[in-house]
Amino acid sequence: MRPTLKTIAGIARVSPATVSLCLNRHPVARTLSEETRNRIWAAARECNYRPNYIAKALSRGRTSSIGLVVADLKIVRQANFASEIMTLAAERGNHLLIASTHFSKTKELEAFLSLKERQVDGIIFQFDSLSPDTEVYRQCVREQFPVVKLCRDERLPFVVPDSRRAMEQAVLLLRNSGARRICGIIAPIVLEGHCTAFEEACRKHGVDFELVPPDAGSQSDSYSDGLLARVAGRDDCAFINLGAYNLFRLQRLIRGERRLITFLDEYDPVIELNEPLLAGIIFSHFRRILSTAVEVLLGQIDRPESTPEQSNIIEEEFVTVPEFKSRTGCERRLRERFF
C-alpha cells in the first residue's frame, strides 16, 4: 500500500499538515524545530515515500517544470548551456525538459507544442530561435505564455550579452599594435550583436575592416579548412574571431606578427592558448546570462500578474589570457573532436 502523509504523520507523531509543510519545503517549515523536521524526514525514508507530482501540480496550479528549446544538442556549446540551465532549474526546485528544433521552424513549433502538452510552466528559447515571423512567436504573444529569449526582442522578455565596450577595447589594442586592417571571422553561429559591435568599433576608431563569412553551404558545426586557410593567409590583417570558429585551427594557421582576439566564456576550459598570438579575450559571462534567464522565467511564473523586466543586458569584458585562465579554473585540455 502506498504511504500517505497521514502514514508519515503517525510515525513522526505530528499532523499531516505539518508533514506537508516539511516535505514541500514550505517557508513556514523553518519555524519547526530541527528535531521535528529530522523526525519527519526519517519517517518518510522509512516508508519509502515518494510524492505524487500530479496531485501536487493540481493543488499548486503548476508543475515545477520548465522547458528549453535548443537547435541541436550535438553542438557542444548548446549541450553545455542546457546542462547549466538544468542545474540552475534544479537548484530552484524545478525540472527541465528539453526539445530540439534541428534548425527547422516546423520542428520549432512541434517542440513548443510538445513542451506545452507536458504542462511546463514556461520555456527558455536559445539564441536565434523564436523569431517574430513564426507561429510559435505569435502564440506566445497571444497567450502571454511565460518565455525568455536569449536574443533581443521588442515584445518578449530577453537576456543578452553586450559586447560593445569590450569590442572597442579589442579594436583599439589591435590598432595600437600596428594592425592596418581587422578581419572579423564569422561562423554560422554568431551571437546577435557581435558583428554589429565589431563594425561600430572599427568605424568609430577609423580602422579598415572586413567581415569574412563561412563558405556557402557550411553547416552550424562544419567549417571549411579552405576558408580558414584563406583568412589566416592575409598578411595585412589582425583577426577577431566573432563566432564559433575552431580556435585551435585558427591558432595553427595564423602565423607571423599578426594578432588574434576571440570570444570565450566559462564553458571554454582550454589551456592550449597561443599567448604570443592571442592578444586578448572578450569574456562572455554566460553563467550569469543563463542564471538571469532562469530567474526572469520563474519570475513570470510566480508572479503572472506582474510585468516582467523585458530587457536584461549582461556586459561582456575584455581580459588577458592569464585572467581568463584564472577565472575559469582551466584544468583540462579541450580535445579537437569536440569542435
Side-chain angles (χ1 to χ4, degrees), residues 50-160 188-189 191-192 219-221 244 267 286 289-304 308 310 312:
R50 294 291 182 272
N52 186 329
Y53 284 104
I54 296 176
K56 186 176 179 180
L58 289 172
S59 65
R60 298 180 61 200
R62 54 181 290 188
T63 60
S64 295
S65 62
I66 61 175
L68 173 66
V69 174
V70 303
D72 192 341
L73 285 177
K74 288 186 294 185
I75 300 173
V76 175
R77 178 60 53 83
Q78 297 202 11
N80 287 338
F81 289 173
S83 175
E84 182 71 18
I85 292 173
M86 182 177 292
T87 300
L88 292 165
E91 289 172 353
R92 293 156 178 79
N94 285 263
H95 301 282
L96 182 70
L97 281 69
I98 303 174
S100 178
T101 68
H102 299 288
F103 300 96
S104 163
K105 297 300 181 185
T106 300
K107 290 186 177 180
E108 181 179 81
L109 177 59
E110 294 173 357
F112 173 69
L113 295 175
S114 175
L115 290 171
K116 283 192 66 180
E117 287 170 1
R118 284 159 178 77
Q119 301 298 310
V120 296
D121 298 318
I123 300 175
I124 296 174
F125 285 83
Q126 273 202 31
F127 305 119
D128 58 353
S129 55
L130 196 61
S131 58
D133 61 344
T134 61
E135 177 58 28
V136 180
Y137 185 94
R138 290 188 286 270
Q139 281 197 38
C140 290
V141 173
R142 185 169 58 247
E143 300 173 8
Q144 295 186 316
F145 187 78
V147 299
V148 174
K149 297 179 62 175
L150 297 184
C151 59
R152 293 180 184 271
D153 193 88
E154 294 183 357
R155 304 178 70 179
L156 297 174
F158 64 85
V159 183
V160 295
I189 296 178
L191 287 183
E192 180 189 29
Q219 298 300 313
S220 61
D221 56 354
Y267 301 99
F286 269 107
I289 291 170
L290 300 180
S291 177
T292 303
V294 171
E295 292 292 349
V296 171
L297 184 65
L298 295 180
Q300 295 179 67
I301 295 166
D302 294 334
R303 299 178 295 278
Q310 181 178 350
N312 298 273

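Not measured: the values here are computed from a predicted model. These values consider heavy atoms only, across backbone and side chains, with no hydrogens, waters or symmetry-generated copies.
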Checklist entry - Can you check whether Val69 reaches Leu130 side chain to side chain, under 4.5 Å on heavy atoms? => result no
Item to check | Thr292 and Ile289, any side-chain heavy atoms less than 4.5 Å apart | outcome: no
Checklist entry - For the atom pair CD (Glu117) and CD (Glu110), what is the distance rounded to the nearest 0.5 Å? => result 10.5 Å
Checklist entry - Can you tell if the side chain of Leu156 reaches within under 4.5 Å of the side chain of Phe125, non-hydrogen atoms only? => result no
Checklist entry - Run the side chain to side chain contact (heavy atoms under 4.5 Å, CB included) check on Tyr137 and Lys149 step by step: do they pass? => result CA-CA 11 Å; Tyr137 185 94; Lys149 297 179 62 175; 4.3 Å; yes
Checklist entry - So, do Ser131 and Lys105 sit near enough that their side-chain heavy atoms are less than 4.5 Å apart? => result yes
Next on the checklist: Determine whether a donor-acceptor pair (N or O, by modelled atom type, separation under 3.5 Å) exists between the side chain of Ser65 and the backbone of Leu96.
Outcome noted: no
Item to check | Single hit among Val148, Asn94, Asp302 for side chain to side chain contact (heavy atoms under 4.5 Å, CB included) with Leu297 | outcome: Val148
Next on the checklist: Nearest 0.5 Å, please: how far is CZ in Phe81 from CD1 in Ile75?
Outcome noted: 11.0 Å
Checklist entry - After noting the C-alpha distance and the side-chain angles of Val136 and Leu109, does the key distance pass the side chain to side chain contact (heavy atoms under 4.5 Å, CB included) rule? => result CA-CA 6 Å; Val136 180; Leu109 177 59; 3.6 Å; yes
Checklist outcome for this item: OG (Ser291) and CZ (Phe286) are apart, to the nearest 0.5 Å, by 14.0 Å
Next on the checklist: With a sphere of 6.0 Å drawn around CZ of Arg142, does it hold more than 12 non-hydrogen atoms of other residues, nucleotides or ligands?
Outcome noted: yes
Item to check | Member of Leu97, Leu68, Ile98 meeting the side chain to side chain contact (heavy atoms under 4.5 Å, CB included) criterion with Met86 | outcome: Ile98
Item to check | Approximate separation, where rounding is to 0.5 Å, of Asn80 CG and Leu73 CG | outcome: 10.5 Å
Checklist entry - Nearest 0.5 Å, what's the OG1-NZ distance between Thr101 and Lys107? => result 8.5 Å
Next on the checklist: For the backbone of Thr63 and the side chain of Asp121, can you confirm whether one donor and one acceptor N or O come within less than 3.5 Å of each other?
Outcome noted: yes
Checklist entry - Are any non-hydrogen side-chain atoms of Val159 and Ile124 less than 4.5 angstrom apart? => result no
Checklist entry - For Phe145, which residues count as a ring-ring contact (aromatic ring centres under 6.0 Å, His included) partner, sequence neighbours excluded? => result Phe112
Checklist entry - Taking all atoms of both residues into account, what is the closest heavy-atom pair of Phe158 and Cys151, and its distance? => result CB-O, 3.0 Å
Next on the checklist: Tell me whether Glu91 at atom CD has more than 12 heavy atoms from other residues, nucleotides or ligands lying less than 6.0 Å away.
Outcome noted: yes
Item to check | Minimum heavy-atom distance Ala111-Ala99, with the two atoms named | outcome: CB-CB, 3.5 Å
Item to check | Atom CZ of Arg118: over 12 foreign heavy atoms under 6.0 Å | outcome: no
Next on the checklist: Using modelled atom types and a 3.5 Å cut-off, is there a donor and acceptor pairing between side-chain atoms of Gln300 and backbone atoms of Val147?
Outcome noted: yes
Next on the checklist: Taking atom CD as the centre, does Glu154 end up with more than 12 heavy-atom neighbours from other residues, nucleotides or ligands that are less than 6.0 angstrom away?
Outcome noted: no
Checklist entry - Is any side-chain N of the basic residue among Arg138 and Glu135 closer than 4.0 Å to the acidic one's carboxylate O? => result yes
Checklist entry - Between CD1 of Ile66 and CZ of Arg92, what distance do you get to the nearest 0.5 Å? => result 9.0 Å
